[in-house]
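A short worksheet on the structure shown next.
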Amino acid sequence: MVSFKKFFEKKQASPHDSRGLADNLKLLSEAEANISAFYLLCAEAHPEHKHLWTSMATSESGHAETIRKMASLVARNPGQYRTRTEFNASTIRLFSLRMESLAEKMKAGRIAPAMLFSIANEIEHSSMELNIGELIETGDEEFNSLARRVDAETREHRNSLEKVVREKATAIPLKKPDTKVIKVS
């Protein structure tokens with residue numbers, strides 16, 4: 001089973017944390033683009049849920065663009081931003097590579113379509129832990145608005161996936177155990 005770890009480690013905010021923040025946001029943007037590519041492959045593998053997968057892929061692509069914009073805001077005025085959490089660039093790169101690896105496995109037919117919802121659920125739960133709005137402290141309302149939008153869409157993804165998983169679980173008919181009648185004389 002694929003296991004996605006937290007992107008970041010908790011620590012106290014400090015004015016020096018914004019060094020490298022723009023670069024790490026650019027890395028995060030690349031990871032979002034890789035999630036989008038993976039979801040497009042899921043749409044091909046699950047045509048009955050194509051709308052869900054393509055919607056999520058489009059949203060993730062939008063997240064990538066939004067996070068790039070957030071990175072440019074930080075780059076223009078880094079002193080205006082403080083991280084509440086330490087960014088770990090290596091972990092973000094590793095996650096991005098893992099997404100690329102999953103996409104390659106999908107193309108090669110090495111991931112069963114039945115596993116896709118589970119994998120996507122793990123991805124979205126990892127992203128849910130991210131919560132950009134809580135990671136970066138700033139008075140920049142444009143940045144905060146963009147962060148809230150990404151966070152809200154991530155919650156929507158999680159809820160949509162959970163709904164489909166629940167529906168799939170209730171659609172599976174329960175098989176009654178085979179019973180044999182034994183006549184006793």
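- Of all the heavy atoms in H46 and A114, the pair that sits closest is NE2-N, 4.4 Å.
- Nearest heavy-atom pair across A64 and A33 is CB-N, 3.9 Å.
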Test side-chain contact (heavy atoms from CB on, under 4.5 Å) on R148 and S145 and set out the steps. CA-CA 5 Å; R148 283 190 300 271; S145 175; 3.8 Å; yes

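- Inspection of the R149 and T66 side chains reveals an N or O donor paired with an N or O acceptor under 3.5 Å.
- Counting only distance, with no hydrogens or angles, the side chain of N34 and the backbone of L97 share no donor-acceptor pair below 3.5 Å.
- Side chain of S126 to main chain of E122: a donor-acceptor pair is present (N/O by atom type, distance under 3.5 Å, no hydrogens or angles).
- Aromatic ring centroids of F117 and W53 lie under 6.0 Å apart.
- The OH atom of Y39 sits 5.5 Å away from atom CD of E60, with the distance rounded to the nearest 0.5 Å.
- Nearest approach of E134 to R84, heavy atoms of both residues: O-CD, 3.0 Å.
- Taking both residues in full, the closest heavy atoms of L25 and I67 are given as O-CG2, 3.1 Å, listed atom of the first, atom of the second, then distance.
- K69 has a carboxylate O that lies under 4.0 Å from a charged side-chain N of E142, or vice versa, which qualifies the two as a salt bridge.
- By the rule that hydrophobic residues join a cluster once side-chain heavy atoms approach within less than 4.5 Å of another member, L73 and L21 end up as members of one cluster.
- Separating the NZ atom in K107 from the CZ atom in F38 is a distance of 12.0 Å, to the nearest 0.5 Å.
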Is there a side-chain contact (heavy atoms from CB on, under 4.5 Å) between I132 and L28? Walk through the geometry before answering. CA-CA 10 Å; I132 294 175; L28 188 57; 4.2 Å; yes

Starting from the C-alpha separation in whole Å, work towards a yes-or-no answer on side-chain contact (heavy atoms from CB on, under 4.5 Å) for L41 and L116. CA-CA 10 Å; L41 292 170; L116 297 180; over 6 Å; no

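- Counting only distance, with no hydrogens or angles, the side chain of T138 and the backbone of Q80 share a donor-acceptor pair below 3.5 Å.
- Within the model, atoms OG of S101 and CE of M106 stand 12.5 Å from one another, a figure rounded to the nearest 0.5 Å.
- With hydrogens and angles ignored, the 3.5 Å screen pairs a side-chain donor or acceptor of S160 with a backbone N or O of E156.
- A donor-acceptor pair under 3.5 Å is absent between the side-chain atoms of N121 and the main chain of E162, judged by distance alone.
- When all heavy atoms of N24 and I92 are compared, the pair lying nearest together is O-CD1, 3.9 Å.
- Here C42 contributes atom SG and H49 contributes atom NE2; the two are 11.5 Å apart, rounded to the nearest 0.5 Å.
- Side-chain atoms of T58 come within 3.5 Å of backbone N or O of T54 as a donor-acceptor pair.
- Here the shortest heavy-atom pairing between I35 and I123 reads CD1-CG2, 3.9 Å.
- If you check the side chains of S59 and E153, you find a donor sitting under 3.5 Å from an acceptor.
- To the nearest 0.5 Å, atoms CD1 (I136) and OG1 (T83) are separated by 7.5 Å.
- Under the 4.5 Å side-chain heavy-atom criterion for ILVMFWY residues, no single connected hydrophobic cluster contains both V164 and L40.
- Between atom NZ of residue K105 and atom CE of residue M115 there is a gap of 11.0 Å, rounded to the nearest 0.5 Å.
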Apply side-chain contact (heavy atoms from CB on, under 4.5 Å) to the pair M56 and E124, showing each step before the final yes or no. CA-CA 10 Å; M56 287 176 49; E124 292 303 323; 4.1 Å; yes

